[in-house]
Protein chains: 4
Amino acid sequence: MKNTLGDNVRITLWGESHGQAIGAILDGVCPGIKIDEEYIKEKLTKRRPSGKTETARIEEDSFHILSGVFNGYTTGEAISIVIENNNVRSKDYQKIASIARPSHADYVAYQKYHGFNDYRGGGHFSGRITAALVAAGAILLKALEDKGIYIGTHIKKCLEIDDQDFSNDNYLKEDIIKLNNKNYPVLNDQVKERMIEKITEVALNKDSVGGILETAIYGLPTGLGQPWFTSVEGKLANALFGIGAIKGIEFGSGFDFAKMLGSTANDEFYLEEGIVKTKTNHNGGINGGITNGMPVVFRCAVKPTPSIAKTQNSIDFKEMKETTIEINGRHDPAIIRRIAVVIDAISAIVVCDLLASRYGEDFLKF
Amino acid sequence: MKNTLGDNVRITLWGESHGQAIGAILDGVCPGIKIDEEYIKEKLTKRRPSGKTETARIEEDSFHILSGVFNGYTTGEAISIVIENNNVRSKDYQKIASIARPSHADYVAYQKYHGFNDYRGGGHFSGRITAALVAAGAILLKALEDKGIYIGTHIKKCLEIDDQDFSNDNYLKEDIIKLNNKNYPVLNDQVKERMIEKITEVALNKDSVGGILETAIYGLPTGLGQPWFTSVEGKLANALFGIGAIKGIEFGSGFDFAKMLGSTANDEFYLEEGIVKTKTNHNGGINGGITNGMPVVFRCAVKPTPSIAKTQNSIDFKEMKETTIEINGRHDPAIIRRIAVVIDAISAIVVCDLLASRYGEDFLKF
Amino acid sequence: MKNTLGDNVRITLWGESHGQAIGAILDGVCPGIKIDEEYIKEKLTKRRPSGKTETARIEEDSFHILSGVFNGYTTGEAISIVIENNNVRSKDYQKIASIARPSHADYVAYQKYHGFNDYRGGGHFSGRITAALVAAGAILLKALEDKGIYIGTHIKKCLEIDDQDFSNDNYLKEDIIKLNNKNYPVLNDQVKERMIEKITEVALNKDSVGGILETAIYGLPTGLGQPWFTSVEGKLANALFGIGAIKGIEFGSGFDFAKMLGSTANDEFYLEEGIVKTKTNHNGGINGGITNGMPVVFRCAVKPTPSIAKTQNSIDFKEMKETTIEINGRHDPAIIRRIAVVIDAISAIVVCDLLASRYGEDFLKF
Amino acid sequence: MKNTLGDNVRITLWGESHGQAIGAILDGVCPGIKIDEEYIKEKLTKRRPSGKTETARIEEDSFHILSGVFNGYTTGEAISIVIENNNVRSKDYQKIASIARPSHADYVAYQKYHGFNDYRGGGHFSGRITAALVAAGAILLKALEDKGIYIGTHIKKCLEIDDQDFSNDNYLKEDIIKLNNKNYPVLNDQVKERMIEKITEVALNKDSVGGILETAIYGLPTGLGQPWFTSVEGKLANALFGIGAIKGIEFGSGFDFAKMLGSTANDEFYLEEGIVKTKTNHNGGINGGITNGMPVVFRCAVKPTPSIAKTQNSIDFKEMKETTIEINGRHDPAIIRRIAVVIDAISAIVVCDLLASRYGEDFLKF
């Protein structure tokens with residue numbers, strides 16, 4: 001598994017934050033998908049830092065597709081995407097090379113790789129790698145939209161500020177389209193200002209925040225996924241926990257189920273113009289690990305960005321002694337906004353993999 | 001993947017609730033593990049219904065190990081475990097064969113398998129299959145204990161009733177040992193009576209409950225897992241979502257991270273007698289997808305048992321018309337207690353798989 | 001992978017020669033395949049020893065399907081097949097438990113499993129396990145035939161005796177049907193008597209023979225397989241080398257290509273009633289790893305049965321000293337006849353896996 | 001699987017013959033392997049055409065390692081290798097874009113990918129992609145040598161010309177070292193001139209040749225591989241059939257077993273200075289799918305290069321009509337010499353994967 005996700009549609013990630021480039025191989029994509037470079041750029045822009053609360057590092061996310069595309073369409077062969085690393089300031093990191101940043105992977109990486117790992121900027125553990133995920137996922141997001149499958153993510157919660165809920169399935173598609181046209185992913189635009197204000201305040205205190213991101217997938221056919229170890233929940237969860245900052249995932253009512261009785265929690269079936277639907281969607285569109293035709297809805301818990309400028313206690317793992325650390329350099333006080341599009345990209349890959357298992361190599365013909 | 005979990009240590013599940021038998025193949029187990037049949041029986045007993053609030057169906061979980069064990073020790077070859085199904089009352093199910101039980105997989109299974117699936121008692125989607133998971137996992141749980149790795153799960157929450165928290169890492173091993181000796185998995189025994197009382201009350205109302213289960217894994221070496229798509233979180237999550245009733249999972253502080261600032265959420269490192277530890281464990285023992293030597297702690301959200309005797313609206317999916325359903329027969333108003341040991345078993349399989357990836361075929365020699 | 005073969009259609013093997021039972025889990029099979037128990041029995045009979053030149057051990061290959069079949073049809077879930085081991089004479093083996101039988105796996109198994117392996121009759125390395133492969137494969141062989149895909153294997157060569165070649169693609173289907181109705185798999189019946197006579201002679205000398213088996217798969221659609229590491233050749237080869245006695249495989253003209261010029265070796269294309277065909281089939285129906293619509297043809301080299309009654313030099317691997325061995329007990333002087341049906345079974349599993357990758361879960365609907 | 005090979009050590013290939021670049025991701029490599037760029041270049045040079053009998057296309061195989069290497073050593077993370085395509089003459093191919101070159105993948109690719117594939121120079125099916133395999137494999141070949149494991153391949157046969165055999169295990173290491181220092185991979189240098197002369201003669205006739213390549217792997221520990229579907233034979237075969245020109249593989253005595261009696265074919269064990277050896281090595285170092293400590297020896301059958309300048313019958317698959325084709329442009333009359341190093345590279349990847357399964361992530365520490 002390592003850097004590879006998926007069974008029939010697969011992505012393999014490579015690269016380090018301060019290396020020459022990062023990239024991904026996307027394999028198993030059906031032939032004939034039109035490549036929309038503008039659409040891909042737009043998604044990459046959503047992942048890029050912007051505004052005064054986010055890192056000042058200007059990342060040049062110009063991507064190159066080196067294979068698997070011919071005359072503007074996917075060929076059916078492996079798609080190699082490369083994004084160069086520019087504007088890298090490795091010096092910021094070298095002075096703290098052996099001091100473990102709390103809640104980062106520095107210490108475990110040193111242990112696991114016996115000190116051979118590229119520690120600069122978190123190396124292969126850096127969120128930087130998600131740029132390649134987004135570029136690859138964008139190819140599939142567009143193809144899914146053309147097939148009537150829409151994926152969108154909003155910031156549901158950041159500290160005490162909550163966004164409104166997704167609409168029910170009759171209006172959900174419109175919600176997602178609107179959301180994907182916004183540069184700040186909240187359903188209620190008034191929430192945006194409050195969040196930015198709060199994050200700015202936190203940043204001034206040399207601190208950071210996390211939050212909860214909520215995702216909806218609209219338009220999936222019934223019957224994707226398998227019972228037991230290829231459940232839709234399991235596949236999405238495994239993929240999404242690839243993002244180091246995500247520490248929780250819940251589908252439908254998730255942890256709120258603990259407060260509910262079965263008679264409330266159960267989703268009663270009914271027919272709407274001959275189509276099977278459920279009155280509620282506490283199960284988040286999945287029964288027994290398999291899509292039931294209702295929207296798939298899930299929420300991811302994102303931990304506060306670990307890199308903060310406040311002084312923290314830590315250890316020097318080479319000299320094995322206690323010390324303190326202050327992480328200066330360029331860091332986001334909040335990465336929730338930027339993770340939203342990464343979740344969309346990963347979800348698109350998982351959805352295509354589920355479709356390919358069910359419908360085969362030409363997985364968009366169903 | 002389908003019914004198969006794991007890369008280097010693997011389990012494959014088979015069977016239906018009302019078929020002749022259920023079972024599992026556990027492959028990749030290192031040679032030389034002593035089989036303790038009493039220990040396995042004990043774990044199976046924990047999964048079995050007991051007491052007045054749980055289903056009256058007496059499941060004879062006598063297991064047979066048909067391969068992979070010789071002279072009382074594992075051989076290194078595939079271990080085949082078979083558990084026969086006795087005491088099956090299929091008639092209870094036949095009358096509702098085409099009426100979808102809300103929040104069950106009946107409808108999606110009918111759709112996906114074009115009506116060929118064994119619908120009796122949920123067929124292959126039945127929680128009954130977890131008996132084989134428990135028997136297989138018990139072999140590994142025992143071997144891990146002998147190596148100093150302890151896994152335990154308690155009911156953290158059921159409706160408004162909360163159990164106390166796990167102790168910190170200095171006392172956690174004792175917590176787990178005590179917990180595993182109890183027949184009702186709560187740390188605070190006073191909570192047990194309140195929970196049983198509440199569940200009994202709910203059952204009288206023909207209703208059901210879910211809850212939150214909290215698991216701790218003590219004694220893992222640093223360095224298990226990989227960044228991105230073989231993270232410890234991702235592997236555990238994928239495996240645990242195999243249980244249809246689990247709809248959420250969070251590691252460490254999980255969804256509570258959304259309320260925290262980075263300065264609080266970060267786990268500061270320190271040295272204790274030359275060993276690297278963190279003062280808090282908000283990350284649940286995992287950084288960048290890799291174990292950091294602190295206990296791995298996670299919580300699973302369990303939805304209320306969907307089978308309730310109350311009248312519910314539904315559809316007849318063969319005739320495609322709306323109807324109602326009352327699920328009689330034998331059903332648990334609460335399965336959280338029984339799921340605890342299933343989570344332990346699955347966790348043991350995942351842990352051994354992680355060990356085998358890191359240390360190879362003789363994965364307990366490290 | 002260990003005991004598991006396949007990506008989307010998968011088989012997992014378990015069992016030891018002298019254990020309680022052997023078996024297989026066949027997963028990923030599409031729902032709705034009719035189970036023909038007589039057909040399965042017929043295939044198992046072909047694998048069973050018969051006649052005076054083969055082992056006297058009467059294997060009771062009565063199989064039990066414990067899951068995945070309901071009302072006579074596959075359900076789409078994992079199919080568990082168990083075959084009990086009766087008539088086991090373990091005593092024959094115990095006296096030579098630590099003496100390595102030349103060209104057997106005794107020594108490597110002892111090394112690899114640190115002496116914990118079940119050595120009786122070769123344990124998990126025994127050809128006995130192929131009975132489960134045949135039972136599982138038979139389910140798919142029948143389903144493929146119903147779809148117009150025919151698989152058959154004949155003994156092409158045994159010492160200096162050669163069988164005739166398969167007919168070209170216009171008559172190949174009939175060849176395969178005839179072959180599958182014979183109890184001795186040769187195209188030319190006169191060859192049968194000569195082979196049996198020769199093998200009897202060899203057996204009297206306490207010796208054994210191998211041979212070459214040739215297989216044809218008729219009726220595959222164009223486009224199965226992938227370039228590079230999922231080639232049809234690669235998948236079949238990986239699966240067939242699972243049989244310990246197979247030490248070579250060649251597709252189409254195989255090793256004879258070394259004697260040919262390109263102008264002879266190339267298969268020129270032409271059209272026959274609008275269908276693309278090749279005038280010759282030196283490539284054995286596969287170009288670039290992908291089926292081209294012509295029959296897939298390959299040959300497997302089978303080494304002589306290693307168990308012979310002649311005195312051989314060997315070592316005692318526990319005491320690490322040189323010694324001699326005479327293998328008495330019941331052994332076949334020739335297993336080529338019995339391997340033919342095992343190759344058919346394995347080929348059917350690989351073909352269905354290729355179909356499932358290309359066409360999805362309902363892989364027989366194309 | 002598609003473009004990905006391996007379980008714990010994995011390579012993923014991408015690229016097309018006339019695209020911008022080709023490349024590979026090598027994942028699961030243990031940290032701390034020194035990168036020897038000269039060694040890699042040397043291996044790439046062996047794969048490059050040279051001399052008057054080989055294609056005049058001068059391939060610039062300058063490779064770039066974009067990740068997974070830091071300060072000259074592997075980090076333990078995915079290694080991304082990119083090789084640019086220069087000197088590409090696509091015009092040669094465009095005029096025959098819809099005429100199937102006999103024994104090439106043009107027709108099947110068109111069918112499978114619905115015409116979206118990059119057909120230029122065979123696209124993703126081109127032998128060009130093996131340059132990336134060689135660069136990746138060279139990293140591992142060097143690391144294996146440093147550990148005492150040597151891999152080498154010679155041209156055993158080309159038409160009627162045979163090279164001498166490998167020495168027995170006592171002198172095999174020296175044979176391999178000598179062979180790897182030669183630019184023409186034959187053990188007997190006199191054979192070289194005869195082969196080149198013959199190939200030149202064939203080339204003048206607008207024709208091509210294939211041959212047989214023999215490979216030896218010296219120094220493997222006992223116990224690599226698994227019974228059934230992870231056999232050493234099966235893993236090597238699956239990997240090597242990735243090369244489209246390879247149509248057969250045999251281990252040890254391979255197809256010659258068909259002519260032998262068991263008493264001759266069996267490899268008798270003996271002790272040499274306390275080490276278990278076999279007097280003969282008919283099994284090619286593998287028993288029951290597992291290495292037995294003797295050298296692993298196998299032979300691959302390579303078909304004649306399909307691209308020949310002679311007029312051949314074929315079809316136009318777009319217009320579905322019969323036609324003829326003459327393949328001009330730059331083509332090798334013999335690619336056997338160049339495939340030798342590709343086999344070495346693939347073998348190194350498979351060997352490291354086997355080591356990683358047995359010994360874990362730090363697979364060179366055993």
Side-chain angles (χ1 to χ4, degrees), chain A residues 1-3 5 13 100 102-103 105 108 111-112 124-125 157 207-208 210-212 222-223 226-231 233-234 237-238 241-242 244 247-248 250-252 254-255 257-258 261-263 265-269 271 283 287-288 290 292 301 303-306 308 310 312-315 322, chain B residues 1-3 5 13 100 102-103 105 108 111-112 124-125 157 207-208 210-212 222-223 226-231 233-234 237-238 241-242 244 247-248 250-252 254-255 257-258 261-263 265-269 271 283 287-288 290 292 301 303-306 308 310 312-315 322:
Chain A
M1 298 285 155
K2 298 178 198 289
N3 290 294
L5 175 73
L13 296 179
S103 295
V108 294
Q111 277 285 322
K112 186 176 184 75
H124 187 56
F125 292 80
K157 189 183 190 64
D207 219 324
S208 65
I212 297 174
T222 305
Q226 303 270 0
W228 303 102
F229 307 118
T230 321
S231 70
E233 294 107 325
N238 178 64
F241 278 120
K247 298 296 281 190
E250 58 176 9
F251 292 83
F255 281 89
F257 273 126
L261 295 174
S263 55
N266 283 353
D267 297 315
E268 292 185 312
F269 289 99
L271 291 171
N283 283 282
N287 291 139
I290 295 173
N292 66 11
K303 71 178 184 184
T305 327
I308 57 174
K310 277 195 174 159
Q312 300 178 87
N313 294 302
S314 188
I315 54 154
E322 297 186 344
Chain B
M1 296 287 151
K2 298 178 198 288
N3 289 295
L5 175 73
L13 296 179
S103 295
V108 293
Q111 277 284 320
K112 186 175 184 74
H124 188 57
F125 291 80
K157 189 183 189 64
D207 219 323
S208 65
I212 297 174
T222 305
Q226 303 270 0
W228 303 104
F229 307 119
T230 322
S231 69
E233 295 108 324
N238 179 63
F241 278 120
K247 298 296 280 190
E250 58 177 8
F251 292 83
F255 281 89
F257 273 125
L261 295 174
S263 55
N266 282 354
D267 297 314
E268 293 185 312
F269 289 99
L271 291 171
N283 282 283
N287 290 139
I290 296 173
N292 65 10
K303 71 179 185 183
T305 328
I308 56 174
K310 276 193 176 164
Q312 298 177 85
N313 292 303
S314 188
I315 52 153
E322 297 185 344

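In what follows, chains carry the letters A, B, and so on, assigned in the order in which the sequence lines appear, proteins first and then strands, with residues in each chain numbered from 1.
Looking at every heavy atom in both residues, B/Pro227 comes nearest to A/Phe125 through CB-CE2, 3.6 Å. In plain terms, the two heavy atoms of A/Lys112 and B/Ile290 that are nearest each other are CD-CD1, 3.6 Å. When all heavy atoms of A/Gln312 and B/Glu268 are compared, the closest pair comes out as CA-OE2, 3.3 Å. In plain terms, the two heavy atoms of A/Phe257 and B/Pro304 that are nearest each other are CD2-CD, 3.6 Å.
In terms of non-hydrogen atom pairs under 4.5 Å with chain A, the most contact-rich of B/Ile315, B/Leu13, B/Val108, B/Asn313 is B/Asn313. Comparing B/Lys310, B/Gln226, B/Lys247, B/Glu322 by how many heavy-atom pairs each has under 4.5 Å with chain A, the most go to B/Lys247. Ranked by heavy-atom pairs under 4.5 Å with chain B, the list A/Gly223, A/Ser208, A/Ala105 is led by A/Ser208. Among A/Gly248, A/Gly288, A/Gly262, A/Gly210, the residue with the largest count of heavy-atom pairs under 4.5 Å with chain B is A/Gly262. Of the residues considered (A/Gly254, A/Ser263, A/Gly211), A/Ser263 shows the highest number of contacts with chain B, using heavy-atom pairs under 4.5 Å.
Partners of A/Gln111 under the side chain to side chain donor-acceptor pair (under 3.5 Å) rule, at least two apart in sequence or in another chain, do not exist in this structure. A search for side chain to side chain donor-acceptor pair (under 3.5 Å) contacts involving A/Asn283 returns A/Asp267, B/Ser103, B/Lys303, not counting sequence neighbours.
Counting heavy atoms from C-beta outward, B/Glu250 and A/Glu250 have side chains that stay 4.5 Å or more apart.
For chain B, the nearby part of A/Thr222 is the side chain; its heavy atoms alone come within less than 4.5 Å. Interface remark: B/Ser231 contributes side-chain atoms only to the contact with chain A (heavy atom separation under 4.5 Å). Only the side chain of A/Ile308 comes within contact range of chain B, with at least one heavy atom under 4.5 Å from a heavy atom of that chain.
Put simply, CZ on A/Phe229 and CZ on B/Phe241 are 13.5 Å apart, with the number rounded to the nearest 0.5 Å.
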task = Please lay out, stage by stage, how A/Phe255 and B/Lys157 fare under the test side-chain contact (heavy atoms from CB on, under 4.5 Å).
result = CA-CA 10 Å; A/Phe255 281 89; B/Lys157 189 183 189 64; over 6 Å; no
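A donor-acceptor contact shorter than 3.5 Å links the side chain of A/Trp228 to the backbone of B/His124.
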